[in-house]
There are 2 protein chains.
Amino acid sequence: MNADTRLDVQEVSQIMKLLGDKTRLTMMKMLQLQDFCVCEFVELFNMSQPAISQHLRKLKDIGLVKESRKKQWIFYSFNRNHDCAFLVEDLLKHLPDQRERLAELEAQGLRISCD
Amino acid sequence: MNADTRLDVQEVSQIMKLLGDKTRLTMMKMLQLQDFCVCEFVELFNMSQPAISQHLRKLKDIGLVKESRKKQWIFYSFNRNHDCAFLVEDLLKHLPDQRERLAELEAQGLRISCD
DNA sequence: TCAGTATATAATAATATGCTTATATAAGTA
DNA sequence: TACTTATATAAGCATATTATTATATACTGA
């Protein structure tokens, strides 16, 4: 049993509902590795910008991700302070690594980095 | 990392979608303890019989539960052979125990047992 | 075989979801 | 300031989800 033991069913089912979408589930898996900005996700998922934006908003509304502006981009990050963060990370362990996909983005020169 | 490592995102997101419902999530938590028949769930969730039946069908269709007839009742059980069984059990660990709720059912004399 | 009980299925209606297109906002830059 | 880029939001539409009601099916026991 873990540190977050005894989350309530209501909360967990809401989290599960959000992760019950392939795009959002993959987003969370990738956000375990590093932060991403919207335009990177647009490339990665080959999906329209508003569609991506709406998925991210849902994740943000429930608190699973945080956003922060850096220069002209808005970066999203995994919120490891969320009640269910431990549960979610546990779950994501079962999914295949996404580094390859990330490497492709890099190869296409579409990776955004700002330091 | 676990024995089921590297489930595909498609499959996991489907499972998550199913568990993204409070009733089904609780059902799975309870089925970890023991088998249940439909009428017990109807009492436990205070929900119509067809509604319960439809939730169970979804869980059965995806393979998370198995059914078996015993006398006039159909009992549902947790399918621990499912690809994602380990993942699901991991997840359910984070939820509150349901023994109390079960005790109530027992107290009301609504528990079905057939040996 | 018939009645009663347990369960499943079908049709339907209300609501939720996820995309699209169009537009607004906000920051960076000439 | 005006233009461009990055992102968010709103409206609309197609589809999915979940419950309800009505009905069908399958056992059990007299």
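Every chain is numbered from 1, with letters handed out A, B, ... down the list of sequences.
- Comparing C:dG18, D:dA19, D:dT18 by their nearest atom to the side chain of B:Arg24 picks out D:dT18.
- For A:Met47 and C:dG18, the CE to C1' distance is 9 Å, given to the nearest whole Å.
- At the phosphate of D:dT17, neither OP1 nor OP2 sits under 4.0 Å from any side-chain N or O atom of B:Lys58.
- OP1 and OP2 of C:dC19 both lie 4.0 Å or more from every side-chain N or O belonging to A:Ser48.
- Taking the centre of each ring, B:Phe41 and B:Phe36 come in below the 6.0 Å mark.
- For C:dC19, the OP1/OP2 oxygens have a side-chain nitrogen or oxygen of A:His55 closer than 4.0 Å.
- Put simply, CZ on A:Phe41 is 15 Å from C1' on D:dA6, counting in whole angstrom units.
- Between the CG atom of A:Leu18 and the CG atom of A:Leu25 there is a distance of 11.0 Å, given to the nearest 0.5 Å.
- Using a cut-off of 4.0 Å between Lys/Arg side-chain N and Asp/Glu carboxylate O, A:Lys58 and A:Asp61 are scored as not salt-bridged.
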Problem set entry | Annotated protein contacts, base or backbone, on nucleotides 1-12 of chain C with a non-hydrogen cut-off under 4.0 Å, one of B, S, - each | -----SBBBB--
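- For the side chain to side chain contact (heavy atoms under 4.5 Å, CB included) test with A:Gln14, the passing option among A:Gln10, A:Met16, A:Glu11 is A:Gln10; the others fail.
- Atom CD in A:Gln14 sits roughly 13 Å away from atom C1' in C:dA16 (whole-Å rounding).
- The closest side-chain heavy-atom distance from B:Arg101 to B:Phe45 is below 4.5 Å.
- Listed by chain and number, the residues in a side chain to side chain donor-acceptor pair (under 3.5 Å) with A:Arg80 are A:Glu89 (sequence neighbours excluded).
- One interatomic measurement links the two molecules: CG of B:Leu25 to P of D:dT18, which rounds to 13 Å at whole-angstrom precision.
- Here C:dT17 presents its P atom at 13 Å from CG of A:Leu59, a figure rounded to the nearest Å.
- At the phosphate of D:dA16, neither OP1 nor OP2 sits under 4.0 Å from any side-chain N or O atom of B:Lys17.
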